[in-house]
Amino acid sequence: MQYKIPRGTFDILPSESHRWQKVISTFRETALSFGYEEIVTPIFEQVELFERSSGESSDIIQKEMYRFQDKKERWLALRPEGTAPVVRSYLENHMEAGARINKLYYIGPMFRYDRPQAGRYRQFYQYGAECIGSHHPFYDAEIISLQTTFLNRLGLKDIKLEINSVGCPNCSKDYDKALIDYFSPHIEELCPDCQNRLKTKPRRLLDCKVPHCKSIAGKAPSMLDYLDAECRKHFEQVQDYLKLMNIPYDINPRIVRGLDYYTHTAFEFLNPALGAQNAISGGGRYDGLFNQIGGKDIPAVGIAGGFERLLLSLETEMIDLGGKAKPDAYLVLVGEEARKKGTKLLADMRQSGFSVIYDPEKESFKAQLKAADNQSARYALIIGEDEIARGIVTVKNLQTGEQQEIDADEVSELV
Ligand SMILES: [Zn+2]
Ligand SMILES: [Zn+2]
């Protein structure tokens, strides 16, 4: 029997993994430089956590979540997204008692039983950051800046930022009413999903991808005209900070969030070159989520992005993330005594933190030196009979061809 990888998943092969490493380490470094600390949560949680946070009627919960029962018949779900587990952990560990503001980031696989298509997988990898504990508009801008800085550090150029405000429950009421008034005369023309949405969450009609719904939605009233004074002020302050941080943006009133706990700022980063699926990350403020999950009023703002589309963006812009790591040295050992001495040197050097390669199946001097070249090692460390007799190692700089003889005990200082 030949085993196959499950549909909708992929292996990250060695030829690809260095690119992943680079993107992950760049995100990590950027997040750390903004004062964010890593949080790691399990890949499965109680089903109810996601039902609470995403809403039982949402597509994620209805169709896409992997759920299973364990031996004690507890219902668990593979996490479809990263924010709810962070909120759960924050509340469970009383993180609000430790610090007024907690800035957290995470990296890891998420799972959705989705129809596999270009750039979309059933196990996919996300990074995210959550700033928990402040309502201040500075943090909305800061989390956007975190993403901008990350993308800049990767070298991406063709990126657009679109922002919006989805208001608060107070101004949302008027807006939802305006949307119902606007869409109701068109109800027969809308897709079945939108007909439902009109009753439950009218603003999700603005999200529909069906062309006819889209064209009707094009003339729908804008949320921005319904913001109350406080929400308008928050949105203006976020924009002021973005300007001070020198971050270009467009306002797109069509960025909506279907769930009640989203408030104020909503934003998306787009790469126009990716075509229809061009969003590479998004986020916003979710001041209502903590209340929904844990009955506490704790404001927060966050971002999440997928690595797959980010890597696609890097590919379209032909950004080189560097290749395989090059070893510091390659050992060229000829003869039995050299094999013993060299193996010890290999262990010592690795212990001291050097990357050193040796291949005992290549015996001739020529074959080993060629391998050192192929691996792009910086130095070849040569030990043969002559070197053994004199207690030295010949160090060959493989870039310049320059050769040096040094005392066997001092090799690690040179490399
Ligand atoms: Zn409001
Ligand atoms: Zn529709």
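We're numbering straight along the sequence, starting at 1. All values below come from the heavy atoms of this structure, side chains included, with hydrogens, waters and symmetry mates left out. Numbering of ligands and ligand atoms starts at 1, following listing order.
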Handout entry: Arg74 side chain to Gln69 side chain, donor-acceptor N/O pair below 3.5 angstrom
Key = no
Problem - Short side-chain donor-acceptor distance under 3.5 Å, Arg88 and Thr83 - result: no
Handout entry: N, O or S of His212 under 2.8 Å from the Zn ion (ligand 2)
Key = no
Problem - Parallel, tilted or perpendicular: ring planes of Phe27 versus Tyr105, cut at 30 and 60 degrees - result: perpendicular
Exercise for the section: Would you give the angle at the Zn ion (ligand 2) between Cys191 atom SG and Cys194 atom SG, to the nearest 10°? Expected result: 110°
Practice task
Have a look at the Zn ion (ligand 2) and estimate, to 10 degrees, the angle subtended by SG (Cys213) and SG (Cys208).
Solution key: 110°
Fill in the blank from the handout: Output field for angle at the Zn ion (ligand 1), Cys171.SG vs Asp228.OD1, rounded to 10°, should show 110°
Problem - 2.8 Å cut-off met by an N, O or S atom of Cys231 to the Zn ion (ligand 1) - result: yes
Practice task
Output yes if Glu230 passes the N/O/S-under-2.8 Å test against the Zn ion (ligand 1); output no otherwise.
Solution key: no
Handout entry: Pairwise side-chain contact, Leu49 with Ile293, heavy-atom cut-off 4.5 Å (strictly under)
Key = yes
Practice task
Please answer whether the main-chain N or O of Glu37 pairs with a side-chain N or O of Lys103 as donor and acceptor at a distance below 3.5 Å.
Solution key: no
